[in-house]
Visitor: 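I'd like to ask you about the structure that follows.
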Amino acid sequence: PYGAFSILNNGAQDAVAVTDDRVAVLGQCTPIFDVATPGSTVAVLDTGEMGRDLAATPDGRLLAIRGGRTGTYNMGAGLFIVDLLSGSILANTPGQPSNNTGIPFSFDVDSVVTSNDHAAFVSLTGTSAEPTTRVTIFDLSTAPTGMPSVVFETVSGGLDQDQPGAPHDIAMTPDGQYVAVRSELSVGLYRLDGPQTRRVWHKRLIGEPGPFGFSAMDSVEATDDWIATISRDSNGGFAAQLDLFDIAGNQRFNDILGDPHDLTFTPDGERLLVRTSAGLYLYDLTSVPAGDQVPFAISRPMSSSHTSFGAGMDSLVATDDTAVTLSREGEETLIEIWDVGTKTLDVRGGGVMSNRPLDLEISPDETLLGIAGTRMA
């Protein structure tokens with residue numbers, strides 16, 4: 001009913017945002033529905049060809065849309081801040097380049113994050129030979145008007161230049177004070193201070209492991225103290241690399257086996273889990289050694305017949321006590337539930353799902369696990 005709103009090709013990941021009152025569905029046209037009145041449409045927004053991501057603020061007041069590019073019919077494009085109550089666009093700025101640039105799209109996992117105060121976006125810029133990542137940050141209630149406005153944006157050169165490599169992932173610290181951005185070749189940390197928002201540091205990865213080759217899905221996660229990112233180490237064969245940063249930018253790394261796929265911190269921030277096609281690795285962050293190495297505390301071998309999109313969007317979730325992993329083996333999915341201690345990884349249960357994995361999530365009260373496959377949930 002909304003023309004081409006269902007066109008979500010070329011690696012779009014998140015396509016639905018839900019609050020207590022509204023549902024927004026990402027697409028070339030993005031409709032916003034009133035939850036209280038089934039079938040009632042608040043607005044239909046022209047958000048550009050090949051939209052990438054969208055996220056509502058935690059208070060449900062605003063919607064940030066990482067839209068697409070200008071398309072065949074000269075449709076609207078770029079980055080949008082929308083009032084969810086009325087469906088009106090409060091701010092709009094360019095994002096992805098227009099069709100005639102020749103720059104290939106990247107398979108970025110997340111490209112927008114929000115708090116009640118800020119929204120941060122990543123966009124593809126540069127040239128087809130040297131794609132780069134632009135970071136755009138909105139203050140959602142800029143004084144004196146109280147309206148959203150861009151307070152920081154990287155540029156093509158200079159001190160705050162765009163990050164090298166195409167965009168891949170973005171994460172916000174739980175306290176809402178920082179945003180970490182992962183391009184294929186670097187990591188940047190941005191401090192969210194309203195009009196004083198700035199880049200704190202920008203680092204290349206140790207040893208420059210190289211591009212993903214569409215291997216890793218989630219590639220950066222953040223706590224209030226740590227930034228962790230995984231890479232495919234294309235310099236030395238079939239391997240992965242973990243880079244761990246503290247907020248000050250001090251950097252450590254570890255080389256591990258397998259193609260990288262997913263990583264997560266436990267909610268208490270004390271442990272980090274990394275999932276590759278060859279194993280599950282646990283890092284104890286309560287006793288990180290000095291130096292540039294961060295050795296894992298314990299690991300367990302895991303096999304997987306596929307990586308990246310073929311292995312599902314997410315393959316790892318964790319609470320403070322439990323982790324769950326998905327491993328695709330042909331047309332089946334092995335589900336394993338792990339006890340997670342300071343230096344413990346023991347299988348507590350699991351099963352087999354008779355189709356390919358898509359996603360998994362643990363309920364907020366940590367009593368239920370939902371797993372989606374290609375044919376059933």
Visitor: Examine Phe138 together with Phe152 and report whether their ring centres are nearer than 6.0 Å.
Guide: no

Visitor: Any salt bridge (Lys or Arg N to Asp or Glu O under 4.0 Å) pairs touching residues 147-168, not counting sequence neighbours?
Guide: Arg134-Asp162

Visitor: Quick test of your reading of the model: are Arg232 and Asp259 salt-bridged, counting only N-O distances below 4.0 Å?
Guide: yes

Visitor: When you check the gap from the basic side-chain N to the acidic O, do Asp243 and Lys203 get nearer than 4.0 Å?
Guide: no

Visitor: How many angstroms lie between atom CZ of Arg22 and atom CG of Asp83, to the nearest 0.5 angstrom?
Guide: 9.0 Å

Visitor: Taking the side chain as every heavy atom from C-beta outward, state whether Thr276 and Tyr281 have any atom pair closer than 4.5 Å.
Guide: yes

Visitor: Is any side-chain N of the basic residue among Asp339 and Arg348 closer than 4.0 Å to the acidic one's carboxylate O?
Guide: yes

Visitor: Any idea which heavy atoms bring Ala323 and Leu273 closest together, and the distance?
Guide: CB-CD1, 4.0 Å

Visitor: Quick check for you: to the nearest 0.5 Å, what is the distance between Leu360 atom CG and Leu358 atom CG?
Guide: 11.0 Å

Visitor: Minimum heavy-atom separation for Leu84 and Val42, please, with both atom names.
Guide: O-CG1, 4.3 Å

Visitor: Determine whether more than 12 heavy atoms belonging to other residues, nucleotides or ligands lie under 6.0 Å from atom CD of Glu130.
Guide: no

Visitor: Does the side chain of Thr93 reach to within under 4.5 Å of the side chain of Phe80, using non-hydrogen atoms?
Guide: no

Visitor: Applying side-chain contact (heavy atoms from CB on, under 4.5 Å) between Ser305 and each of Arg328, Glu331, Glu332, report the one that passes.
Guide: Arg328

Visitor: Output the distance between atom CG (Asp246) and atom CG (Leu285), rounded to the nearest 0.5 Å.
Guide: 11.5 Å

Visitor: Measure the spacing between CD1 of Ile170 and OG1 of Thr133 and express it to the nearest 0.5 Å.
Guide: 10.0 Å

Visitor: Going through the distances and angles, do Thr344 and Asp346 end up as a side-chain hydrogen bond (donor to acceptor under 3.5 Å, both in side chains)?
Guide: CA-CA 6 Å; Thr344 302; Asp346 296 322; 5.0 Å; no

Visitor: Does the side chain of Ile362 come within less than 4.5 Å of Leu368's, by heavy atoms?
Guide: no

Visitor: Can a donor-acceptor pair be found between the side chains of Ser219 and Thr229 at a distance below 3.5 Å?
Guide: no

Visitor: Grab the two heavy atoms, one from Glu221 and one from Thr264, that are nearest each other, plus how far apart they are.
Guide: CG-CA, 4.3 Å

Visitor: For a quick test of reading the model, state the closest non-hydrogen atom pair linking Arg356 to Thr333 and the distance between them.
Guide: C-OG1, 3.5 Å

Visitor: Verify, without hydrogens or angle tests, whether Arg66 (side chain) and Arg52 (backbone) share a donor-acceptor contact under 3.5 angstrom.
Guide: no

Visitor: Could you state the interatomic distance from CZ (Phe245) to CG (Asn250), rounded to the nearest 0.5 Å?
Guide: 10.5 Å

Visitor: Does a salt bridge link Lys343 with Asp284, judged by any charged N lying under 4.0 Å from a carboxylate O?
Guide: no

Visitor: Rounded to the nearest 0.5 Å, how far apart are CZ of Arg191 and OG1 of Thr173?
Guide: 8.5 Å

